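All figures in this text were calculated on a predicted structure; none of them were measured in a lab. Excluded from the calculations below are hydrogen atoms, water molecules and symmetry mates; all remaining heavy atoms, backbone and side chain alike, are included.
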Amino acid sequence: MNSRKRLLRWASGIMFVLGTGHLSLLALIAWEDITGWVDRGMWAAVPLAFTEEGAVQMVESLQNKVTFWAGPGSFAVPLILLGCLTWHLAGRGVAVPAGIGWGLATWCALGGVLLVPSPFFAGIVSGALIILAARKDDRS
């Protein structure tokens, strides 16, 4: 296995673990809210109904929104998809552009600074690996 492929596979593995770990942790923490969506229908995840006062929202409605934006509406699903795409491209020998790595590293650094402590900083490693893989020459 050449070094570019190995770097991209490690980067994709990190992204996949971060995304699935985030969704799994949310499922453990907010299981009752998620099963409530199944009982009431998927539209219950982010209800659009307001109370009589207009802007005042009920606690259940806010909890549903928090659970949605922490789970399926969060970075986790796109991060899993990006990890799978990177894995696939690495298998075909295609380099992922360095700009993707820079964007991922910057986003994870900013998220890590704003949300301390968090595993956002592990995403910086994934972004750096993508940058290194894009700059590697294949001389096998």
Side-chain angles (χ1 to χ4, degrees):
M1 183 183 304
N2 63 25
S3 61
R4 176 186 291 165
K5 185 176 181 178
R6 187 176 24 241
L7 290 172
L8 288 175
R9 290 276 166 104
W10 272 101
S12 65
I14 292 169
M15 288 185 279
F16 189 79
V17 167
L18 283 175
T20 55
H22 189 270
L23 289 178
S24 301
L25 187 61
L26 177 80
L28 290 174
I29 292 172
W31 185 252
E32 291 176 11
D33 293 328
I34 295 169
T35 56
W37 298 344
V38 175
D39 293 340
R40 295 184 311 269
M42 284 307 292
W43 290 108
V46 184
L48 299 176
F50 292 110
T51 61
E52 295 85 38
E53 293 86 32
V56 178
Q57 298 179 3
M58 296 179 2
V59 173
E60 295 85 17
S61 174
L62 290 174
Q63 184 60 38
N64 275 330
K65 289 179 183 179
V66 167
T67 303
F68 174 79
W69 288 112
S74 73
F75 73 95
V77 175
L79 196 62
I80 292 169
L81 293 173
L82 182 62
C84 290
L85 177 65
T86 305
W87 185 277
H88 175 74
L89 292 176
R92 298 183 135 225
V94 178
V96 177
I100 301 295
W102 282 110
L104 181 64
T106 303
W107 175 58
C108 288
L110 182 62
V113 168
L114 293 176
L115 190 64
V116 174
S118 75
F120 258 114
F121 290 115
I124 298 171
V125 175
S126 186
L129 291 174
I130 291 174
I131 295 166
L132 287 174
R135 295 183 180 205
K136 278 234 183 259
D137 276 338
D138 262 357
R139 297 183 197 151
S140 355

request  = Can you run down the ring-ring contact (aromatic ring centres under 6.0 Å, His included) pairs that involve residues 83-105, sequence neighbours left out, and say none if there aren't any?
outcome  = none
ask   = In terms of hydrophobic clustering (I, L, V, M, F, W, Y; side-chain heavy atoms under 4.5 Å; direct or indirect links), are F68 and L79 co-clustered?
value = no
Got a list of side-chain donor-acceptor pairs under 3.5 Å for residues 12-31, not counting sequence neighbours?
unit_1: S12; atom_1: OG; unit_2: L8; atom_2: O; d: 3.2
unit_1: S12; atom_1: OG; unit_2: R9; atom_2: O; d: 2.9
unit_1: T20; atom_1: OG1; unit_2: F16; atom_2: O; d: 2.8
unit_1: T20; atom_1: OG1; unit_2: V17; atom_2: O; d: 3.4
unit_1: H22; atom_1: ND1; unit_2: A70; atom_2: O; d: 3.3
unit_1: S24; atom_1: OG; unit_2: T20; atom_2: O; d: 2.8

message = Within this structure, what is the CH2-OG1 distance for the pair W10 and T86, rounded to the nearest 0.5 Å?
response = 15.5 Å
key: Distance, nearest 0.5 Å, that separates CG of L85 from CD1 of I80   = 14.0 Å
Cluster link F75 to L115, ILVMFWY, side chain under 4.5 Å = yes
note = Nearest heavy-atom contact between S3 and K136 is OG-CD, 3.1 Å
query = If you round to the nearest 0.5 Å, how far is CZ of R92 from CG of L89?
reply = 8.0 Å
query = Under a single-linkage definition using a 4.5 Å side-chain heavy-atom cutoff for Ile, Leu, Val, Met, Phe, Trp and Tyr, are I100 and V94 assigned to the same hydrophobic cluster?
reply = yes
ask   = With L132, which residues qualify under side-chain contact (heavy atoms from CB on, under 4.5 Å), at least two apart?
value = L7
request  = Please collect all side chain to side chain donor-acceptor pair (under 3.5 Å) contacts where either partner lies in residues 106-134, sequence neighbours excluded, each pair once.
outcome  = none
inquiry  = If hydrophobic clusters are built from ILVMFWY residues whose side chains come within less than 4.5 Å, do I130 and I124 share one?
reply    = no
